[in-house]
Amino acid sequence: MEEIKNLKVLISEEKLNERINELAQEIYNDYKGQEITFICILKGSIFFTVELSKRMPCDINFEFIRVSSYHGENSTGIIEMKVDLQGDIKGKDVIIIEDIVDTGRTLSYLKEYLKSKEPKSLKICSLLDKKERRVCKIDADYVGFNIPDKFVIGYGLDVDEKYRNLPYIGYFENV
Ligand code: IMP
Ligand code: MG
């Protein structure tokens with residue numbers, strides 16, 4: 001990859017690893033080592049889902065959902081399901097694994113949708129949280145880092161499908 005101009009590191013790979021270690025321990029303790037179903041929200045959460053689950057010595061089932069959100073001029077935030085669940089989560093302990101909570105529209109929609117599938121429990125774990133931007137009243141149960149209102153890339157997060165594979169969280173200065 002050629003050098004990317006004006007790219008600054010917001011959260012280094014080392015800090016990500018440290019915090020994900022802590023989160024994994026916290027979740028593992030809360031669930032007392034029992035089986036958990038992780039629902040990875042594609043595509044942004046793939047790195048986080050993998051890194052978190054590698055650090056948890058318990059049974060984890062993986063499910064994947066892909067949604068697109070349309071933030072038009074009026075920002076009504078219509079969410080479209082692109083890839084739906086394959087398995088049954090009824091009676092399961094489920095955690096939604098998300099890359100970032102921004103306006104909260106995606107997670108508000110997903111939480112209601114997944115509740116209708118009658119899991120035993122349903123929680124949200126997000127690597128990043130941009131609280132300032134919240135439009136919907138929703139909070140993650142587990143948060144890696146609270147970040148300022150900057151558009152971030154890397155570690156799964158993209159701009160037009162690029163930069164997902166950066167090993168850290170970065171942002172463009174003056175953008
Ligand atoms: P929300 O529905 O507004 O909370 O937005 C959720 C989705 O928007 C996230 O899952 C991301 O895919 C995307 N998103 C929000 N903020 C950023 C960002 O700073 N960088 C990259 N993607 C973002
Ligand atoms: Mg996403």
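Order of listing sets the numbers, starting from 1, for every ligand and every atom in it.
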Which atoms of ligand 1 are found less than 4.0 Å from any heavy atom of [X]?
X      : answer
Thr106 : 1 (P), 2 (O), 5 (O), 6 (C)
Asp158 : 21 (C)
Lys130 : 16 (N), 17 (C), 18 (C), 19 (O)
Lys150 : 19 (O)

Using the ring-ring contact (aromatic ring centres under 6.0 Å, His included) rule, collect all pairs that involve residues 40-67, keeping only residues at least two apart or in two chains.
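Those involving residues 40-67 are Phe47-Tyr155.
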Check whether Ser126 reaches the backbone of Val143 with its side chain - one donor and one acceptor, N or O, closer than 3.5 Å.
no
Checking Thr103 side chain against Val135 main chain: does a donor-acceptor pair fall under 3.5 Å?
no
Per atom 20 (N) of ligand 1, closest listed option by heavy atom (Val67, Val152, Leu157):
Val152
Where do Asp129 and Arg134 land on the salt bridge (charged side-chain N to carboxylate O under 4.0 Å, His left out) test, with the steps shown first?
CA-CA 9 Å; Asp129 193 345; Arg134 205 72 98 250; 2.9 Å; yes
Quick one: do [X] and [Y] make a salt bridge, cutoff under 4.0 Å?
X      : Y      : value
Lys123 : Asp93  : no
Asp160 : Lys162 : no
Glu51  : Lys54  : yes

Report yes if Leu107 has an N/O atom closer than 3.5 Å to an N/O atom of ligand 1; otherwise report no.
no
Backbone or side-chain N or O of Asp102 under 3.5 Å from ligand 1 N or O
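Yes: some nitrogen or oxygen of Asp102 is under 3.5 Å from one in ligand 1.
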Mode of Asp99 contact toward ligand 1 - side chain, backbone, both, neither (heavy atoms, under 4.0 Å):
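The answer is the side chain of Asp99.
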Specify side chain, backbone, both or neither for Glu98, according to which of its non-hydrogen atoms lie closer than 4.0 Å to ligand 1.
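Contact part for Glu98 vs ligand 1: side chain (C-beta onward).
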With a 4.0 Å cut-off on heavy atoms, is Gly104 in contact with ligand 1?
yes
